[in-house]
Peer 1: 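I have a structure I would like to understand better, so I am pasting it below and will then ask my questions one at a time.
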Amino acid sequence: MTKKNTIGVDFGTDSVRVQFVNAFDGKILATGSARFKRWGDGLFCQPGQSQFRQHPLDHIESFELAMQEALQQLDQDDLSAVNGISVASTGSTPIAVDREGTPLSMKKGFANNPNAMFFLWKDHSAIGEAAEINQKCREENSVDYTKYMGSEYSSEWFWAKLIYVLRNDTDVKDQLFSWVEHCDWFTALLTGQTDPLELKRSRCAAGHKAMWHEDWDGLPPVDFFKKLEPSLGDIRQRIGKSTFTSDAIAGTLSPEWAQKFGLPANTIVGVGSLDAHIGAIGGEIQDGWLVKVMGTSTCDMLVAPKETVNGPVEGICGQVNGSVLPNRIGFEAGQAAFGDIYAWFGEVLGWPLLHILEKDRNIDGPIKQTIIDKVTSNLLPELGMAAEKLPLSETGPIALDWMNGRRTPFSNQLLKGGFTGLTLGTTAPAMFRALVEATAFGSKKIIAHFKEQNIQIEGIIAIGGVAHKSNFVMQVLADVLDQPIKVAKAEQPVALGAAMAAAVACKLHNSFEEAQKTMGSGFMKEFLPIPENVQKYHQLYLRYTDFGRFVEHQDH
């Protein structure tokens with residue numbers, strides 16, 4: 001059988017990863033990754049104000065570095081056998097572009113303007129604008145354009161961020177021609193055809209983040225947007241109603257990119273998608289199985305045949321026909337912070353290293369840096385091991401996982417995290433354990449909410465960095481959910497899922513089911529609930545629920 005390869009590209013929060021995959025046996029031929037330098041240096045972000053922006057040059061430069069790393073692992077036969085490439089990225093992560101589709105931050109006068117850059121998925125600058133969208137959708141005689149998005153539009157999403165820009169930056173407003181999701185823009189960049197009026201927009205991104213739905217023949221009408229913000233009407237007219245699933249073709253690789261990487265000139269570029277949705281494909285999602293994408297945040301993905309779904313599901317992040325698998329309703333839920341919570345606690349404990357030790361002139365510079373590096377790299381693993389050894393107590397401290405607001409059920413970015421039950425005897429490992437348990441309790445809330453809405457869950461699959469790195473977190477999750485959890489073997493399920501999407505777009509496989517069967521990596525382990533822990537966690541979950549109800553009431 002002739003060798004046929006595809007490339008999957010995964011733009012994450014901190015870095016980009018690429019994989020070259022043999023479409024006929026699933027063998028990973030080469031991988032490459034590169035971190036976003038400006039983002040790593042903390043540029044253009046104000047975490048205290050929930051402002052998280054990324055420069056498009058970070059993504060272009062890091063993509064080239066990741067590709068070059070992968071290319072060093074391949075021979076010419078491997079490159080000649082490349083048939084397609086597909087991109088997945090975080091979302092909603094939109095950017096302002098000009099008439100040619102060039103991001104404004106890549107133009108003179110805007111290079112250091114955060115409002116001209118990508119608004120990362122976790123940017124919450126637009127809380128007020130999201131509230132206005134929700135209010136407008138609930139007015140008398142108005143269609144509720146959020147009803148297939150959980151009936152609650154989020155500040156993390158497409159239109160809220162655009163309204164924020166239009167109201168807060170006249171310079172960007174005057175130069176902005178259109179507003180484009182990252183997965184759509186980078187896909188268009190690979191084809192060399194970035195015209196905002198012509199590029200193919202992702203069904204996944206438009207449905208889950210921009211209120212696209214078949215019931216109103218695409219996006220909400222122009223008049224709806226004019227009532228929110230007059231200048232929004234013109235931009236809405238420049239965004240067509242057509243959207244495309246990830247098995248569609250966006251175009252072919254431009255001669256410039258093909259020459260740069262030594263790839264065939266006719267390499268097909270598939271329509272882009274959001275990372276969690278494509279990652280669910282890489283994790284071998286099937287009807288009724290919930291795929292938990294576990295990283296800095298979580299996205300919970302579920303698919304079901306259209307005929308089994310009876311109307312909109314409230315309080316989630318949307319349901320879209322074809323957002324994950326074509327001809328299936330894709331459901332999205334998730335937690336706004338997961339691994340980020342663990343990292344935050346590590347930073348709190350590590351504060352003395354950076355602010356006291358670093359200033360100590362009596363310790364040699366290299367020795368000082370060695371100490372800092374050793375402690376910061378081992379802090380979370382050591383906390384996890386110590387927390388795992390603690391006896392499970394129904395009277396221990398309780399934490400809330402709302403450090404970055406609540407995404408599901410019922411989005412509320414204004415909510416805050418917290419602890420209760422602390423004493424002078426509470427240790428750092430006990431607090432860390434409470435945080436891990438809080439993230440598991442948040443997951444349980446989501447699953448319970450789906451079941452309350454008559455959406456059945458047959459099993460759970462976990463993918464992502466946390467699932468691979470922490471047996472402790474996974475066992476707590478299995479105990480809290482009282483359900484077995486299978487961990488996908490793929491180390492880069494988003495990149496693998498994107499490679500599968502490229503294979504289907506190229507017609508190397510006739511369906512995603514066929515691509516998964518051929519290219520999937522299977523599962524590496526399964527975590528089973530421990531009965532005695534299940535009962536104790538049930539009591540702790542009730543305390544978590546009561547604490548959450550109290551905090552939410554206080555915030556209102």
Peer 1: Does the distance from a Lys or Arg side-chain N to an Asp or Glu carboxylate O, for R167 and E229, drop under 4.0 Å?
Peer 2: yes

Peer 1: Applying the ring-ring contact (aromatic ring centres under 6.0 Å, His included) test to W179, which of F119, F118, W185, W157 qualifies?
Peer 2: F119

Peer 1: Between K227 and E139, does at least one N-O distance fall below 4.0 Å, as a salt bridge requires?
Peer 2: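 No, K227 and E139 are not salt-bridged.
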
Peer 1: Looking at T6 and A499, would you say the former's side chain and the latter's main chain have a donor-acceptor pair under 3.5 Å?
Peer 2: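 Yes, because the side chain of T6 sits within donor-acceptor range (under 3.5 Å) of the backbone of A499.
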
Peer 1: ring-ring contact (aromatic ring centres under 6.0 Å, His included) between F158 and W212: does it pass, once the steps are laid out?
Peer 2: CA-CA 11 Å; F158 190 84; W212 182 97; over 10 Å; no

Peer 1: For a quick check under 3.5 Å, do W121 and T13 share a side-chain donor-acceptor pair by atom type?
Peer 2: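 There is such a pair between these side chains.
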
Peer 1: Would a distance-only check, ignoring hydrogens and angles, find a side-chain to backbone donor-acceptor pair under 3.5 Å from K161 to S92?
Peer 2: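 Yes, because the side chain of K161 sits within donor-acceptor range (under 3.5 Å) of the backbone of S92.
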
Peer 1: Does a side chain donor of either H182 or S89 reach within less than 3.5 Å of an acceptor in the other side chain?
Peer 2: yes

Peer 1: Distance alone, cut at 3.5 Å: any donor-acceptor contact between the side chains of D98 and Q175?
Peer 2: no

Peer 1: Verify whether one side chain among Q49 and S125 offers a donor that lies under 3.5 Å from an acceptor in the other.
Peer 2: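 No, because no side-chain N or O of Q49 sits under 3.5 Å from a partner of the opposite role on S125.
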
Peer 1: Check whether the side chains of S154 and E152 place a donor and an acceptor atom closer than 3.5 Å, and report yes or no.
Peer 2: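 Distance-only check fails for S154 and E152.
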
Peer 1: Could you work out, with side-chain contact (heavy atoms from CB on, under 4.5 Å) as the rule, every residue matching P409, not counting sequence neighbours?
Peer 2: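 For P409, the residues satisfying side-chain contact (heavy atoms from CB on, under 4.5 Å) (neighbours in sequence not counted) are K445, I446, H449.
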
Peer 1: Apply salt bridge (charged side-chain N to carboxylate O under 4.0 Å, His left out) to E491 and R17, showing your working.
Peer 2: CA-CA 11 Å; E491 293 185 4; R17 295 164 286 276; over 6 Å; no

Peer 1: Do side-chain atoms of K209 reach the backbone of G207 as a donor and acceptor pair under 3.5 angstrom?
Peer 2: no

Peer 1: Nearest 0.5 Å, please: how far is OG in S33 from CG in L65?
Peer 2: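 Spacing of CG (L65) from OG (S33) equals 10.0 Å.
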
Peer 1: Donor-acceptor pair, D58 side chain versus W39 backbone, under 3.5 Å?
Peer 2: yes

Peer 1: Would R38 and F44 count as a cation-pi pair here, with the cationic atom under 6.0 angstrom from the ring centre and within 45° of the axis?
Peer 2: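 No - R38 does not lie over the ring of F44 by the 6.0 Å and 45° rule.
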
Peer 1: Hey, does the side chain of R407 reach the backbone of C317 with a donor-acceptor pair shorter than 3.5 angstrom?
Peer 2: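 A pair under 3.5 Å: no.
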
Peer 1: Rounded to the nearest 0.5 Å, what separates atom CG in D300 from atom CD in Q335?
Peer 2: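 Atom-to-atom, D300:CG and Q335:CD are 6.5 Å apart.
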
Peer 1: What distance separates I268 CD1 from L190 CG, expressed to the nearest 0.5 Å?
Peer 2: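 So the CD1 of I268 and the CG of L190 are separated by 13.5 Å.
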
Peer 1: Looking only at atom types and distance, does a side-chain atom of Q319 sit under 3.5 Å from a main-chain N or O of M149, one as donor and one as acceptor?
Peer 2: no

Peer 1: Are H59 and F186 close enough that their ring centres sit under 6.0 Å apart?
Peer 2: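 No.
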
Peer 1: For the atom pair OG1 (T252) and CD1 (I85), what is the distance rounded to the nearest 0.5 Å?
Peer 2: 12.0 Å

Peer 1: Give a yes-or-no answer on whether the side chains of E332 and H277 include a donor-acceptor pair shorter than 3.5 Å.
Peer 2: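 Judged by distance alone, the side chains do pair up.
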
Peer 1: Which residues satisfy the side-chain contact (heavy atoms from CB on, under 4.5 Å) test with S151, sequence neighbours excluded?
Peer 2: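 Here the qualifying residues are R138, D144, T146, K147, E314.
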
Peer 1: Output the distance between atom CZ (F244) and atom CG (D184), rounded to the nearest 0.5 Å.
Peer 2: 10.5 Å

Peer 1: Between N321 and R203, do the side chains contain a donor N or O and an acceptor N or O under 3.5 Å apart?
Peer 2: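 There is no such pair between these side chains.
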
Peer 1: Show your reasoning for whether salt bridge (charged side-chain N to carboxylate O under 4.0 Å, His left out) applies to K173 and D169.
Peer 2: CA-CA 6 Å; K173 177 182 177 181; D169 198 314; over 6 Å; no

Peer 1: For this output row, return yes or no: ring centroids of W216 and Y145 closer than 6.0 angstrom.
Peer 2: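 W216 vs Y145: aromatic centres under 6.0 Å.
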
Peer 1: What's the spacing between M67 CE and S62 OG if we round to 0.5 Å?
Peer 2: 13.5 Å

Peer 1: When you look at CD of Q259, are more than 12 heavy atoms from neighbouring residues, nucleotides or ligands closer to it than 6.0 Å?
Peer 2: no

Peer 1: Taking side-chain contact (heavy atoms from CB on, under 4.5 Å) as the test, write out the residues that go with T31, two or more places apart.
Peer 2: Q19, I28, Q73

Peer 1: Centroid separation under 6.0 Å, is that true for the rings of W159 and F224?
Peer 2: no

